[in-house]
There are 2 protein chains.
Amino acid sequence: MAKTVKLADVAKAAKVSQGTVSNVFNRPDMVSPEMRERVMAAADSLGYRGPDPRGRLLRAGRVNAIGVVTSDYLRNFFENGYTRRFLAGIAEECERHGAGLSLVSAQNDEIADWNIRTAVVDGFILNCVVEGSRLVDLAARRGLPFVAVEFPPESGFNVVAADDDQGGRLAASHLIGLGHRRIGILSLEFDDSDKTGIVSEERAAQARYSPTRKRLHGYRETFAGAGLDPRSIPIYETFNDRETVEAGVDAVLEAVPGLTAFLCMSDVIAIAAVHHLQARGLRVPEDVSVIGFDDIDDAASLDPPLTTIRQDIEEKGRVAMRKILGASEGEPVSSVILPVDLVVRRSTGPAREP
Amino acid sequence: MAKTVKLADVAKAAKVSQGTVSNVFNRPDMVSPEMRERVMAAADSLGYRGPDPRGRLLRAGRVNAIGVVTSDYLRNFFENGYTRRFLAGIAEECERHGAGLSLVSAQNDEIADWNIRTAVVDGFILNCVVEGSRLVDLAARRGLPFVAVEFPPESGFNVVAADDDQGGRLAASHLIGLGHRRIGILSLEFDDSDKTGIVSEERAAQARYSPTRKRLHGYRETFAGAGLDPRSIPIYETFNDRETVEAGVDAVLEAVPGLTAFLCMSDVIAIAAVHHLQARGLRVPEDVSVIGFDDIDDAASLDPPLTTIRQDIEEKGRVAMRKILGASEGEPVSSVILPVDLVVRRSTGPAREP
DNA sequence: ACCTATTTTTGAATCGATTCAAGTTTGGTA
DNA sequence: TACCAAACTTGAATCGATTCAAAAATAGGT
C-alpha cells in the first residue's frame with residue numbers, strides 16, 4: 001500500500017466532485033443510482049473502502065465515541081466487581097446506540113491531565129466514587145460534555161448516583177432491627193489525602209467524597225433515631241482493598257469489645273471483611289454480622305451469602321450513557337438518583353448476647 | 001464558550017508563528033524560555049489548554065490508541081472470565097506505554113464492518129478465538145496494523161496464541177494417567193455456522209477455528225498414543241455458554257454408558273459442566289472427572305477446585321499489546337506461542353470401576 | 001568587527017474529509 | 001414550447017493542527 005487513496009482520488013477517477021463522493025458514502029439517497037454505481041466502481045478499482053475517520057473527525061467535529069474515566073488503574077475496569085457491572089451497563093447502551101467506547105485512565109495527576117485532554121471522544125463519563133472533583137475539573141477544562149457518576153447531585157452537573165443516604169439508612173436499620181448495638185463501620189475514602197485508619201469526629205464531618213458522606217449520613221441518622229450516639233460507633237477508613245480492610249477489622253474489633261456487626265460501605269469491603277473474620281476464627285453471622293453495599297456478583301456466592309444494599313449498577317451505567325448521549329444533543333443538565341434496596345441473605349443475624 | 005480558541009488564535013495573540021506555538025506545546029526544549037512564557041501567557045489569557053486532538057490526528061496521522069475487537073457483545077469484555085483477564089493484561093500494557101484503549105464490537109457483519117472502518121485507532125488487537133477470519137479480513141481492509149490473537153500461527157500474520165496442541169496433550173494425558181477410557185469432549189465452536197451438537201468425524205476433520213482444531217488435535221494424538229481410537233470419543237460442539245454445555249453433558253452421558261470424564265475446551269465450559277453434573281446428582285470427581293482449559297479466576301474457587309490447563313491469559317494480552325505497538329514502529333511480522341501448564345486441583349480423580 | 005556554527009523562528013503547504021449556497025439538470029404541467 | 005419546482009451536482013472554504021526547509025537570530029571564537 002504505497003499511497004493512501006483519498007476521497008479526492010475517487011472523485012477524480014469518477015470525474016465527479018468530492019461532494020458527490022461524500023454524498024455517495026454518507027447520504028446515498030441524495031445521489032442518482034447511476035452516479036452511485038459510477039462512484040462505487042471508481043472506489044473499488046482504487047481500493048477505497050470509505051472515508052478516512054481522521055478527515056471526517058476534523059471537519060464534522062464528532063467521532064461518536066465516549067470516554068469512561070477512572071481514577072484507578074485501567075485493569076480495575078475488568079477486575080473490580082462493582083466497576084465491571086457498571087461498565088457492562090455502559091457497554092450495552094453503547095452498542096444499542098452504535099457509539100464507540102474508550103477507556104481513559106486518570107491514575108495520577110499527570111496522566112489524567114494528558115489523557116483527558118487528548119482522548120478523541122465526544123464526551124466523558126467520569127467514575128467519581130473517589131477523586132471526583134479532580135476528574136470534574138479536568139473534564140470541564142477540556143470543554144466537552146460529561147456525566148459525573150456518584151458526584152454530589154446538588155453540584156449542578158449532570159450526575160447519576162445511587163440513593164446513598166437511603167442505602168445507609170436501610171443498612172443501619174437492618175442491623176438495629178436485629179438487635180445490634182456494638183457496631184463498627186468500614187468506610188470508603190473520605191477525600192484524596194490517601195489516609196487510612198480510625199476516623200476522627202472532625203474528619204467524619206468533612207467527608208468530601210459524596211458516596212462516603214451520604215452513606216455515613218444515612219447510617220448516623222438511623223443510629224440517632226434509635227437512641228444510639230453516632231460518635232460511639234467507630235469508623236475505619238479503608239482504600240476499598242483487602243489490606244486496609246483487614247487492618248480495619250482488627251482495629252475496630254479492638255476498639256469495641258464485644259462488637260457484633262460491621263457496616264461496610266461496599267461489597268468489596270464486606271467480602272474482604274468476611275474472609276478476614278473467618279480467618280480469625282470468628283463465625284459470620286453467629287459471632288459477627290456483616291452487611292455490604294452494592295450487591296455485586298460475588299455477594300450472592302460468598303459463603304455465607306452477603307446481606308447487602310442493592311443498587312442496579314448496570315442501570316447506572318446505562319443511565320449515564322444515555323445522559324452523555326443526550327448532553328451531546330443539547331439536553332439540559334440534570335441529576336438522576338437511582339433507588340436502592342435491602343437484600344437480606346445470610347451474613348447478618350441476631351446480635352449475640354455479651 | 002462561544003467560540004473555539006485555536007492554536008492560530010494563540011499565535012496571533014502572542015505575535016508568533018503557529019509553528020512556534022506548536023513547538024511550545026509539543027517540543028518545549030526547542031523554544032527559548034522567554035518565548036515559552038510569552039506563548040503560555042497568551043494561551044492562558046485566551047483559555048487555550050493545548051492542541052485539539054482532532055487537528056493533530058489529521059496532520060500527524062496517529063492517535064496513540066489501540067482498538068480491541070471482539071466478535072461478541074461488548075459487555076462480554078467485562079463478564080467472561082477469560083476475556084476479562086486478557087483485557088486486564090492489555091490494559092496494563094496500555095498504561096505502561098501511555099496508549100489509549102478503545103473497545104470495538106464486531107457482533108455482527110454490519111456492525112463489524114462499520115466499527116472497524118471508522119474506529120479512530122492506530123491498530124487493532126483481534127480476539128480471534130472464534131470468527132477470526134472475518135475480523136482479520138476487515139482489519140486488513142482497513143489498512144491498519146493488527147494482531148490476531150489465537151489465529152493460526154502459520155497464517156503469516158502477527159499472531160499471539162497459547163500452545164493449544166500441547167494443552168490438549170497435557171489434558172488428555174492427565175485423564176489417561178488416571179485410568180480414564182470412557183471420555184467425552186465438550187468443545188468450542190468449529191466454524192461460524194452456529195452449529196451445536198455431536199460432531200461428525202467429517203466435521204471434526206475440518207475445524208476452522210484454530211484453538212478448537214489444535215486442542216482437539218492434542219487430545220486425539222494422545223488418545224492414539226495410548227491405544228484409544230480417537231473416533232470412539234464423542235465431541236459435542238458448544239457455544240461456550242451454559243445452555244449448550246448442559247445439553248452437551250446430557251448428550252454425551254447418553255452416548256457413552258459409564259462415562260468417567262469430560263475434557264472441556266475452556267474453563268467456562270468446564271464450570272458449567274460441573275454445575276450441571278452436580279445438579280444431576282453426579283459427584284465430581286468421584287463419578288465423573290472434569291478438566292478445563294485456561295485457568296480463569298473462577299477455576300480455583302469452584303467446588304471442587306477445577307483441574308485445568310493453565311495459560312497466562314494476562315501475559316497474552318500484554319504480548320499482544322507489545323506486538324501491535326511494535327508493528328506501528330515497523331517491526332517485522334511474527335508469531336508468539338505462549339506455554340501452557342497442567343494445574344491439578346480436585347475436579348479430576350481416578351476412573352471408577354465400570 | 002567578522003565569521004562560523006548552532007539555535008530559534010517562520011509560514012505556507014499539507015493532512016482528508018464535510019459543508020452548503022449556488023448552479024445545473026430533469027420531469028411535469030399549462 | 002415555455003415555465004416552474006424538485007432533484008442532483010458542484011467546488012472552494014473550512015475544520016485545527018503539524019511539518020520541515022528556509023530564514024533569521026544568537027553565541028562563541030579569532
Side-chain angles (χ1 to χ4, degrees), chain A residues 1 3-40 42-43 46-64 114 117-122 142-144, chain B residues 1 3-40 42-43 46-64 114 117-122 142-144:
Chain A
M1 192 166 310
K3 181 181 182 329
T4 303
V5 181
K6 304 188 299 191
L7 185 139
D9 299 322
V10 176
K12 191 174 303 183
K15 298 189 195 320
V16 299
S17 78
Q18 291 183 221
T20 297
V21 178
S22 183
N23 281 334
V24 167
F25 281 99
N26 299 312
R27 275 172 292 219
D29 292 348
M30 280 183 61
V31 186
S32 67
E34 310 89 70
M35 182 66 75
R36 280 207 295 268
E37 289 185 16
R38 192 152 125 213
V39 169
M40 293 310 296
L46 291 175
Y48 182 79
R49 292 250 308 131
D52 187 323
R54 293 170 301 182
R56 168 183 280 157
L57 172 61
L58 179 57
R59 187 59 180 81
R62 299 266 296 265
V63 73
N64 197 31
W114 172 260
R117 213 172 356 112
T118 62
V120 181
V121 294
D122 301 325
R142 171 69 194 274
L144 293 178
Chain B
M1 191 166 312
K3 182 180 182 315
T4 301
V5 181
K6 305 189 294 194
L7 184 140
D9 299 322
V10 176
K12 192 174 300 184
K15 299 192 200 314
V16 300
S17 79
Q18 291 183 224
T20 296
V21 178
S22 184
N23 281 333
V24 167
F25 280 98
N26 299 312
R27 276 173 292 221
D29 292 346
M30 281 185 57
V31 183
S32 68
E34 309 89 67
M35 182 65 76
R36 279 206 298 267
E37 289 187 16
R38 190 153 126 214
V39 170
M40 293 311 295
L46 290 174
Y48 182 80
R49 293 250 307 134
D52 187 323
R54 292 170 303 181
R56 166 183 283 156
L57 171 62
L58 179 58
R59 185 59 180 83
R62 299 268 295 267
V63 71
N64 198 30
W114 173 260
R117 215 176 349 114
T118 61
V120 181
V121 295
D122 301 326
R142 170 70 195 276
L144 293 178

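Quick note on labels: first sequence line is chain A, next is B, and so on, each numbered from 1.
The interatomic distance linking B/D9 (CG) with D/dC15 (P) rounds to 10 Å, in whole Å. Counting to the nearest Å, the P atom of C/dT18 and the CE atom of A/M30 are 13 Å from each other. In this structure, A/L7 atom CG and C/dC15 atom C1' are separated by 14 Å, rounded to whole Å. Taking atom CE of residue A/M35 and atom P of nucleotide C/dT26, one finds them 10 Å apart after rounding to whole Å. Summarising the geometry, the separation between CZ on B/R142 and P on C/dG16 is reported as 13 Å, rounded to the nearest angstrom. Between the CZ atom of B/F25 and the C1' atom of C/dT9 there is a distance of 17 Å, rounded to whole Å. Note: CG (A/N23) to C1' (C/dA21) measures 14 Å, nearest angstrom. Separating the CG atom of B/D29 from the P atom of C/dT9 is a distance of 12 Å, rounded to the nearest angstrom.
Listed for the B/R38 side chain is a donor-acceptor partner under 3.5 Å among the backbone atoms of B/A14. The backbone N or O of A/R117 lies less than 3.5 Å from no partner atom in the side chain of B/R49, so there is not a single donor-acceptor pair. Judged purely by atom type and a 3.5 angstrom limit, A/R62 has no side-chain atom pairing as donor or acceptor with the backbone of A/D122.
The shortest side-chain heavy-atom distance between A/V21 and A/V16 falls under the 4.5 Å cut-off.
Within 4.0 Å of B/T20, counting heavy atoms only, lies at least one base atom of the nucleic acid. Within 4.0 Å (heavy atoms only), A/R62 reaches no atom of the nucleic acid at all. In this structure, B/R36 reaches neither bases nor backbone, as no heavy-atom distance under 4.0 Å exists between it and the strands shown.
If you find the closest nucleotide of DNA chain C to B/A60 and to A/R56, the one lying nearer the 5' end belongs to B/A60.
Annotation for A/V63 and A/V120: closest pair CG1-O, 3.5 Å, computed over non-hydrogen atoms. Closest approach of A/R36 and A/V24 over heavy atoms only: CA-CG2, 4.3 Å.
Proximity of A/S17 to the phosphate of D/dT10: a side-chain N or O atom is located under 4.0 Å from OP1 or OP2. At the phosphate of C/dT8, neither OP1 nor OP2 sits under 4.0 Å from any side-chain N or O atom of B/R27.
Taking every side-chain heavy atom of B/N26 into account, D/dT18 is the closest of C/dG16, C/dT8, D/dT18. The B/S22 side chain lies nearest to D/dT18 when the options are D/dT18, C/dA17, C/dT18. The listed nucleotides are C/dA17, C/dT9, C/dG16; the one nearest the side chain of B/L58 is C/dG16. With D/dA17, D/dT10, C/dA17 as the choices, the nucleotide that has an atom nearest any side-chain atom of B/Y48 turns out to be D/dA17. Comparing C/dT18, D/dT9, C/dG16 against the side chain of A/Q18 picks out C/dT18 as the nearest. Across C/dA17, D/dT9, D/dT18, the shortest atom-to-atom separation from the side chain of B/P51 is found for D/dT18. The side chain of B/D52 lies closest to D/dG16 when the candidates are C/dG16, D/dG16, D/dT10.
Side-chain to base pairing of B/R59 with C/dT14: one donor and one acceptor N or O lie within less than 3.5 Å of each other.
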